[in-house]
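Only one structure is covered here, and it is reproduced in the block below.
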Amino acid sequence: MLDAEFFRRWMTTTAETVDREADRLTELDSAIGDADHGSNLRRGFAAVTAALEKDAPDTPGAVLVLAGRQLISTVGGASGPLYGTLLRTTGKALGDTAEVSREQLAEALAGGIAAVGRLGGAAAGDKTMLDALLPGAEALAESFAAAAAAADAGALGTVPLRARKGRASYLGERSIGHQDPGATSSALLLRALAEVAA
Ligand code: ADP
Ligand code: MG
């Protein structure tokens with residue numbers, strides 16, 4: 001079973017990973033966006049870590065709700081409200097139990113991803129974070145490692161796609177041939193989850 005400490009470590013490990021990979025995320029965003037995805041997420045997850053140090057919520061749901069709120073209030077780009085909605089909705093779905101199973105997390109995460117789809121109007125294949133999140137959450141029913149691998153594959157799979165949502169969609173055909181920055185950071189989120197679980 002996964003407790004609040006597990007979820008805190010998931011968030012702080014994500015913050016460390018995002019910090020390490022920020023330059024790569026920004027580089028990807030410079031090709032098909034405005035070169036701020038790494039700095040956006042670095043700022044957002046640094047705020048998440050700071051809030052969790054100050055507050056230390058005692059349920060998995062409360063950890064994710066707090067993290068989501070921080071992302072919404074500190075990240076200016078599209079990814080802030082989208083990731084914030086993902087974590088807040090997932091956290092709310094987990095309720096106020098002290099421990100949740102991987103299967104429960106997989107189900108809650110699927111709900112969070114659906115909320116991202118409603119907020120941003122994107123679907124699978126639109127070359128967004130959903131292209132890593134959807135296969136990642138589905139594989140989470142199987143194992144943490146499978147989720148990380150599926151999200152990585154999903155992020156790589158955005159390369160040949162044409163962007164239909166977000167800033168990259170303004171490029172039309174020219175968005176083809178580049179990996180989506182948000183799908184890449186979503187793969188980092190699920191990679192961090194698998195690391196903490198290992
Ligand atoms: P901005 O585009 O405002 O500069 P970021 O650079 O931080 O914000 O984030 C860009 C990423 O956000 C994209 O790579 C994409 O994965 C994701 N994204 C943008 N718009 C949407 C949307 N409508 N639905 C889902 N994801 C989106
Ligand atoms: Mg950007």
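Counting convention: from 1, in listed order, for ligands and their atoms alike.
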Query raised in the report: For Ser79 and ligand 1, does the shortest N/O to N/O distance drop below 3.5 Å?
Result: yes
Report task. Using distance alone, determine whether Ala78 and ligand 1 share an N or O pair under 3.5 Å. Result -> yes
**Report entry** Closest contact, heavy atoms only, Gln179 versus Ile32
**Finding:** O-CD1, 4.2 Å
Query raised in the report: Going by the atom numbers of ligand 1, which of them fall below 4.0 Å from some non-hydrogen atom of Gly77?
Result: 3 (O), 8 (O)
Query raised in the report: Under 3.5 Å, is there a donor-acceptor pair between the Ser185 and Tyr83 side chains?
Result: yes
Report summary line: If we number the atoms of ligand 1 from 1 as shown, the ones under 4.0 Å from a heavy atom of Gly182 are 13 (C), 14 (O), 16 (O)
Query raised in the report: Charged N to carboxylate O below 4.0 Å: is that the case for Glu5 and Arg8?
Result: yes
Report task. Distance to 0.1 Å, residue and atom name: give those for the protein heavy atom nearest to atom 5 (P) of ligand 1. Result -> His37 ND1, 3.4 Å
Query - Structural part of Met129 in contact with ligand 1, heavy atom criterion under 4.0 angstrom - result: both
Query - Asp34, N/O/S atom nearest the Mg ion (ligand 2) - result: OD1
Report summary line: The reported gap from CZ in Arg191 to OG in Ser186 (rounded to nearest 0.5 angstrom) is 13.5 Å
Query raised in the report: Out of the N/O/S atoms in Asp36, what is the name of the one closest to the Mg ion (ligand 2)?
Result: OD1
Report task. Please find the N/O/S atom of Asp29 nearest to the Mg ion (ligand 2) and write down its name. Result -> OD2
Query - Atom indices of ligand 1 within 4.0 angstrom of Gly166 heavy atoms, with elements - result: 19 (C), 20 (N)
Report summary line: Looking at Leu41, Asp36, Asp180, Thr128, the heavy atom closest to atom 13 (C) of ligand 1 belongs to Asp180
**Report entry** Chi angles and distances behind the salt bridge (Lys or Arg N to Asp or Glu O under 4.0 Å) call for Asp180, Lys127
**Finding:** CA-CA 6 Å; Asp180 180 61; Lys127 197 182 182 98; over 6 Å; no
Query raised in the report: Going by heavy atoms, is Pro181 under 4.0 Å from ligand 1?
Result: yes
Report summary line: The reported gap from CD1 in Ile113 to CG in Leu133 (rounded to nearest 0.5 angstrom) is 4.5 Å
Requested in this report: Spell out, yes or no, whether Val65 and Leu87 are grouped together once hydrophobic residues are joined by side-chain heavy atoms under 4.5 Å, including indirect joins.
Outcome: no
Query - Protein contact to atom 27 (C) of ligand 1 [nearest heavy atom, distance to 0.1 Å] - result: Leu82 CD1, 3.3 Å
Query raised in the report: Which of these passes side chain to side chain donor-acceptor pair (under 3.5 Å) with Asn40: Arg42, His37, Arg43?
Result: Arg43
Report summary line: min-distance protein heavy atom vs atom 24 (N) of ligand 1 -> Ala122 CB, 3.5 Å
Query raised in the report: When only distance counts, is Val116 in polar contact with ligand 1, meaning an N/O pair under 3.5 Å?
Result: no
Report task. Please name the pair of heavy atoms, one in Leu52 and one in Pro57, separated by the smallest distance, quoted to 0.1 Å. Result -> CD2-CD, 3.8 Å
Requested in this report: Compare every heavy atom of Ser169 with every heavy atom of Lys165, then report the nearest pair and how far apart it is.
Outcome: N-CB, 3.6 Å
Query raised in the report: Could an N or O of ligand 1 be found under 3.5 Å from any N or O of Asp29, whether backbone or side chain?
Result: yes
Query raised in the report: Looking at Ala192 and Thr13, what are the two nearest heavy atoms and their distance?
Result: CB-CG2, 3.9 Å
Query raised in the report: Would you say Gly120 has any N or O atom under 3.5 Å from an N or O of ligand 1, going by distance alone?
Result: yes
Report summary line: shortest atom 2 (O) of ligand 1-to-protein heavy-atom contact is with Arg167 NE, 3.5 Å
